[in-house]
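Structure first, then comments.
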There are 2 protein chains.
Amino acid sequence: MPLQFKTPDAQPIDPRIERLVNDLIGRIADKWTMLILELLAQQGEMRFTQIGRAVEGISQKMLTQTLRQMERDGLVQRTVHPVVPPKVEYRLTDLGLTLGEAFCGVWLWAETHLDRIEAARAAFDARA
Amino acid sequence: MPLQFKTPDAQPIDPRIERLVNDLIGRIADKWTMLILELLAQQGEMRFTQIGRAVEGISQKMLTQTLRQMERDGLVQRTVHPVVPPKVEYRLTDLGLTLGEAFCGVWLWAETHLDRIEAARAAFDARA
DNA sequence: AATTATACTTACCCAAAAGAGAGTGACATG
DNA sequence: CATGTCACTCTCTTTTGGGTAAGTATAATT
């Protein structure tokens with residue numbers, strides 16, 4: 001029988017909360033979500049294609065999908081203006097804004113430690 | 001021709017940095033990485049199977065893979081004790097620790113706003 | 001002589017995620 | 001009358017993520 005990883009030997013904090021938080025982190029800690037969050041945090045209100053152009057490499061499908069998820073989670077507010085051609089605007093809710101602020105530290109970290117990471121990688125690859 | 005998302009119309013901050021940071025975020029904003037980071041931040045040094053038991057649902061494969069990546073990025077230090085049976089210990093580097101701190105805000109946020117998110121979801125699903 | 005323990009690696013496979021590309025509706029403009 | 005715009009949606013294919021199971025090495029235990 002192979003290893004199984006079933007019974008934890010660390011202290012169980014509060015399994016219910018723990019699971020929910022991990023679940024939430026898993027959903028929010030997603031590349032596109034973080035990128036869009038950053039963008040909207042600094043740009044305010046934006047339209048669909050505007051976001052698409054700004055977030056490099058995202059496909060229409062992922063854009064819609066991510067935006068919908070964020071809307072469902074209460075992070076963005078979606079405003080449809082009933083005009084032709086359609087005009088839909090996205091902006092962070094206050095909940096989204098607070099998440100943006102929480103992520104701020106991560107961005108700063110990334111910017112700050114970019115070269116250390118690249119150096120670490122180079123070193124690692126050289127060793128291997 | 002469908003939409004293309006090529007030319008940004010927002011101000012280009014510094015495309016090189018921007019790309020690198022996004023890239024980095026993309027690699028770090030991964031479920032397992034974040035979970036292991038959290039774990040090591042609060043537990044200090046841990047062995048392979050210990051981590052495996054503590055991180056619920058992770059398979060050996062993903063554990064090794066994630067740990068290797070983190071090592072490569074300079075986030076964890078891997079110490080092999082040449083004994084039999086093998087003993088390998090993992091701990092965060094100072095770089096890893098700072099990242100853990102940066103993420104701390106996100107965890108707090110998740111814990112704090114859990115119910116608002118669940119409420120938002122319920123409301124959204126009710127509307128649809 | 002067989003089993004146990006640890007920290008893996010390798011091979012195989014499947015399902016889910018993501019990308020590419022075309023299509024839609026309704027009006028405005030050339 | 002054709003073309004373009006916007007915010008999508010739909011379908012198809014490719015890529016990736018990740019699970020399962022087995023194998024490896026070595027020494028101590030039974």
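Worth knowing before you read on, the calculation uses all heavy atoms, side chains too, and leaves out hydrogens, waters and symmetry mates. Computed from a predicted structure; not experimentally measured.
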- Flag side-chain contact, heavy atom, 4.5 Å: Lys31(B) against Val55(B):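 When only atoms from C-beta onward are counted, Val55(B) and Lys31(B) do not touch, as no gap falls below 4.5 Å.
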
Give the nucleotide from the list [options] with an atom nearest to the side chain of [X].
{"X": "Arg47(A)", "options": "dA7(C), dA7(D), dT9(D)", "value": "dA7(D)"}
{"X": "Phe48(B)", "options": "dA22(C), dC8(C), dT6(C)", "value": "dC8(C)"}
{"X": "Pro86(B)", "options": "dA7(C), dG25(C), dG19(D)", "value": "dA7(C)"}

Length of the line joining [X]:[atom1] and [N]:[atom2], which is rounded to integer Å:
{"X": "Gln60(A)", "N": "dT9(D)", "atom1": "CD", "atom2": "P", "value": "10 Å"}
{"X": "Gln50(A)", "N": "dC6(D)", "atom1": "CD", "atom2": "P", "value": "10 Å"}
{"X": "Tyr90(B)", "N": "dT6(C)", "atom1": "OH", "atom2": "P", "value": "14 Å"}

- Query: Hey, which of these two, Lys61(A) or Val84(A), hits DNA chain C nearer its 5' end, going by closest nucleotide?
  - Reply: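 Closer to the 5' end of DNA chain C: Lys61(A).
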
- So which one's nearest nucleotide on DNA chain C is more toward 5', Pro85(A) or Pro85(B)?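 Here Pro85(B) is the residue nearer the 5' end.
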
- Answer yes if Val80(A) and Val83(A) sit in the same cluster of Ile, Leu, Val, Met, Phe, Trp and Tyr residues linked by side chain heavy atoms under 4.5 Å apart, and no otherwise.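 Per the 4.5 Å side-chain linkage, Val80(A) and Val83(A) are not co-clustered.
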
- Hphob cluster co-occupancy, Leu99(B) + Phe124(A), side-chain heavy atoms under 4.5 angstrom: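 As far as the 4.5 Å side-chain criterion goes, Phe124(A) and Leu99(B) are not connected within one cluster.
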
Is [X] near enough to [N] that one of its side-chain N or O atoms lies under 4.0 angstrom from OP1 or OP2?
{"X": "Arg68(A)", "N": "dC8(D)", "result": "yes"}
{"X": "Ser59(B)", "N": "dG19(D)", "result": "yes"}
{"X": "Thr49(B)", "N": "dA7(C)", "result": "yes"}

- Task: Select from Val88(A) and Met62(B) the residue whose nearest nucleotide in DNA chain D is closer to the 5' end of that strand.
- Result: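 The residue closer to the strand's 5' end, by nearest nucleotide, is Val88(A).
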
- Message: Any base atoms under 4.0 Å from Lys87(A), or only sugar-phosphate, or nothing? Heavy atoms, all strands.
- Response: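 It contacts sugar-phosphate atoms only.
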
- Whether Trp109(B) and His113(B) hold their rings parallel, tilted or perpendicular, with breakpoints at 30° and 60°: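 If you compare the ring of Trp109(B) with that of His113(B), the planes turn out tilted.
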
